[in-house]
Amino acid sequence: MIASMRWAWVLLAGCGRIDFDGRLADAPIASDVRVDAPAPIMYAQSVVATGFNGSTTTFTFTPMHVGDAVLIQVGCFGNSSNPLVALVAPGWTFEPLGALMAGPGQFAQTLAAIVPDLTPVTVTETWTNISCGSGGAIGDELTNVDPTGGAVTFDAHVETSGVGDCSADITTGNDNDAIWAGCQSNASVLSVGPGFTKRTDDGGDWTETKVTTDPAGTVEHVTFGNTAGQGFSLGVVTVKLGG
């Protein structure tokens, strides 16, 4: 009789937890399992920080992940009534975001692309209708983004120029957007804005990033400290989270 009772106890214990009153407790159900949220957007690497004189230059980098976002700001100091700029690379599409910025004595443009493969890529930067007394490019790669590209991934952008600190407001297009910004200075950028992290620096022009936890439609303030009295061109982009 005692052996039979012990065997019954083992069977019950093997089926689930026994409450103190001797009843079999309910086992967890599938709805209790937590589904992880997508990983946040992360900074992958700097892809370019270069200067040049003239109308064209090239730079090479190796992407880290297919589907990443690459954001590059190009700048040119010179005089022209109708300057144009393009970035070209085999198998890549660099899309201009917004209008060409015209700051005091300088021009700048922000361009974006989605990484198509992991082959090292050589990018050609070409300015038309202008010869740059000095020019260059600064840019970064971000991962865990929506890989669709275009206005889906780069869901908002702002371009502005002026004198003094680089500063602008931008409204996020989606929840948990990342913010990327680049500032071209006539002298030298000095600091990044609150909550932002400095990324690429070519010796005077900087980029910065910030990953938000804010809902879509949030107005975000973006700034860089700039050398007093100096001109700037500022490009700001919000980037959609993948997943």
Chemist: Using a 4.5 Å cut-off on heavy atoms from C-beta on, say whether the side chain of Met64 contacts that of Thr143.
Modeler: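 Not in contact.
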
Chemist: When clusters are formed by joining ILVMFWY residues with side-chain heavy atoms under 4.5 Å apart, either directly or through shared neighbours, do Val145 and Leu71 land in the same one?
Modeler: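 Yes; tracing contacts between hydrophobic side chains, which count when under 4.5 Å, links both residues.
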
Chemist: So, do Thr58 and Thr124 sit near enough that their side-chain heavy atoms are less than 4.5 Å apart?
Modeler: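 Sidechains of Thr124 and Thr58: in contact.
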
Chemist: Is the backbone N or O of Glu125 less than 3.5 Å from a side-chain atom of Thr56, with the two atoms forming a donor-acceptor pair by type?
Modeler: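 Flag set: sc Thr56 to bb Glu125 pair under 3.5 Å.
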
Chemist: Kindly compute the distance separating CZ (Phe154) from CG (Leu111), expressed to the nearest 0.5 Å.
Modeler: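 Output value for this atom pair is 10.5 Å.
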
Chemist: Could you name each residue pair satisfying disulfide bond (SG atoms under 2.5 Å apart) that touches residues 74-137, not counting sequence neighbours?
Modeler: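 Checked against disulfide bond (SG atoms under 2.5 Å apart) - neighbours excluded - the pairs reaching residues 74-137 are Cys76-Cys132.
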
Chemist: Just by distance, do the side chain of Thr223 and the backbone of Cys166 share a donor-acceptor pair under 3.5 Å?
Modeler: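 Yes; at least one donor-acceptor contact below 3.5 Å.
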
Chemist: Could you state whether Tyr43 and Val239 fall into the same hydrophobic cluster, counting links through intermediate Ile, Leu, Val, Met, Phe, Trp or Tyr residues with side-chain heavy atoms under 4.5 angstrom apart?
Modeler: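 Yes, Tyr43 and Val239 fall within the same hydrophobic cluster.
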
Chemist: Where do Thr62 and Gln45 come nearest, in terms of heavy atoms and distance?
Modeler: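 Nearest pair, atom of Thr62 first, then Gln45: O-NE2, 2.8 Å.
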
Chemist: Has the side chain of Asn174 got a donor or acceptor atom that lies under 3.5 Å from a matching backbone atom of Ala216?
Modeler: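 Side chain of Asn174 to backbone of Ala216, a donor-acceptor pair under 3.5 Å: no, none is there.
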
Chemist: Is there a side-chain contact between Ile179 and Val236 (heavy atoms, below 4.5 Å)?
Modeler: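 In contact.
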
Chemist: Under 3.5 Å, which donor-acceptor pairs link side chains of residues 82-110 to any protein atom two or more places apart or in another chain?
Modeler:
residue	atom	partner	partner atom	Å
Gln106	OE1	Ser233	OG	3.2
Gln106	NE2	Asn186	OD1	2.4
Gln109	NE2	Gly98	O	3.0

Chemist: Determine whether a donor-acceptor pair (N or O, by modelled atom type, separation under 3.5 Å) exists between the side chain of Asp177 and the backbone of Gly173.
Modeler: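 At least one qualifying donor-acceptor pair exists.
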
Chemist: Ignoring hydrogens and angles, tell me if any N or O in the side chain of Ser55 forms a donor-acceptor pair with the backbone of Ile130 under 3.5 Å.
Modeler: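 Yes, Ser55 side chain to Ile130 backbone: donor-acceptor pair under 3.5 Å.
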
Chemist: Are any side-chain N or O atoms of Asp205 and backbone N or O atoms of Ser185, one a donor and one an acceptor, separated by less than 3.5 Å?
Modeler: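 Judged by distance alone, yes, a pair lies under 3.5 Å.
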
Chemist: Find out whether His65 and Val115 are in side-chain contact, i.e. whether some heavy atom of one side chain is under 4.5 Å from a heavy atom of the other.
Modeler: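 A side-chain contact is absent here, since even the closest heavy-atom pair is not under 4.5 Å.
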
Chemist: Going through the distances and angles, do Val66 and Leu118 end up as a side-chain contact (heavy atoms from CB on, under 4.5 Å)?
Modeler: CA-CA 6 Å; Val66 172; Leu118 301 185; 3.9 Å; yes

Chemist: Measure across Pro38 and Gly242 and return the closest heavy-atom pair with its distance rounded to 0.1 Å.
Modeler: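 Here Pro38 and Gly242 meet closest at CB-O, 3.5 Å.
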
Chemist: Within the 3.5 Å criterion, strictly below it, is a donor on Thr148 or Thr153 matched to an acceptor on the partner's side chain?
Modeler: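 Judged by distance alone, the side chains do not pair up.
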
Chemist: Shortest non-hydrogen contact from Gly139 to Thr207?
Modeler: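 Residues Gly139 and Thr207, closest heavy atoms: N-CG2, 4.4 Å.
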
Chemist: Do any N or O atoms from the side chain of Glu141 and from the backbone of Val47 form a donor-acceptor pair under 3.5 angstrom?
Modeler: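 No.
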
Chemist: Under 4.5 Å between side-chain heavy atoms, hopping through other hydrophobics if needed: is there a path connecting Val222 to Val189?
Modeler: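 Yes; Val189 is reachable from Val222 via cluster members.
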
Chemist: Applying the 4.5 Å side-chain criterion to the ILVMFWY set and letting contacts propagate, would Trp180 and Phe224 be lumped into a single cluster?
Modeler: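 Each belongs to a different hydrophobic cluster.
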
Chemist: Would you find a donor on one side and an acceptor on the other, under 3.5 Å apart, between the side chain of Asp165 and the backbone of Ser167?
Modeler: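 No; judged by distance alone, with no hydrogens or angles, the pair does not exist.
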
Chemist: Which pairs, with at least one residue in residues 193-202 and sequence neighbours excluded, count as a salt bridge (Lys or Arg N to Asp or Glu O under 4.0 Å)?
Modeler: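 For residues 193-202: Lys198-Asp201.
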
Chemist: Between Thr172 and Thr218 (side chain of the first, backbone of the second, donor and acceptor by atom type, cut-off under 3.5 Å), is there such a pair?
Modeler: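 Flag set: sc Thr172 to bb Thr218 pair under 3.5 Å.
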
Chemist: Report the distance from atom OG1 of Thr238 to atom NZ of Lys210, rounding to the nearest 0.5 Å.
Modeler: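 The NZ atom of Lys210 is 12.5 Å from OG1 of Thr238, to the nearest 0.5 Å.
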
Chemist: Please report the shortest heavy-atom distance between Val158 and Ala168, naming the atom on each side.
Modeler: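 So the two residues come closest at CG1-CB, 4.1 Å.
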
Chemist: Between the side chain of Thr50 and the main-chain N/O of Ala137, is any donor-acceptor distance below 3.5 Å?
Modeler: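 Not confirmed, Thr50 side chain does not pair with Ala137 backbone.
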
Chemist: Any heavy-atom pair between the side chains of Phe61 and Val123 that's under 4.5 Å?
Modeler: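 They are in side-chain contact.
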
Chemist: Given side chains that start at C-beta, do those of Asn176 and Val211 come closer than 4.5 Å, heavy atoms only?
Modeler: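 Answer no - side chains too far apart.
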
Chemist: Return yes when atom CG of Asn79 has more than 12 non-hydrogen atoms of other residues, nucleotides or ligands closer than 6.0 Å, and no otherwise.
Modeler: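 It does not: Asn79 CG has 12 such atoms or fewer within range.
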
Chemist: State, to 0.1 Å, how close Cys183 and Leu234 come at their nearest heavy-atom pair, and which atoms those are.
Modeler: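 For Cys183 and Leu234, the tightest heavy-atom pair comes out as CB-CD1, 4.3 Å.
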
Chemist: Side chains of Trp206 and Thr200, heavy atoms from C-beta outward: is any pair under 4.5 Å?
Modeler: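 The answer is no, as the side chains (C-beta and beyond) never meet within the 4.5 Å cut-off.
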
Chemist: Rounded to the nearest 0.5 Å, what's the gap from CG on Asp214 to OG1 on Thr171? Could you check?
Modeler: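 Here the interatomic distance stands at 11.5 Å.
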
Chemist: Can Val74 be reached from Val121 by stepping across I, L, V, M, F, W or Y side chains whose heavy atoms are under 4.5 Å apart?
Modeler: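 Result: yes, single cluster for both.
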
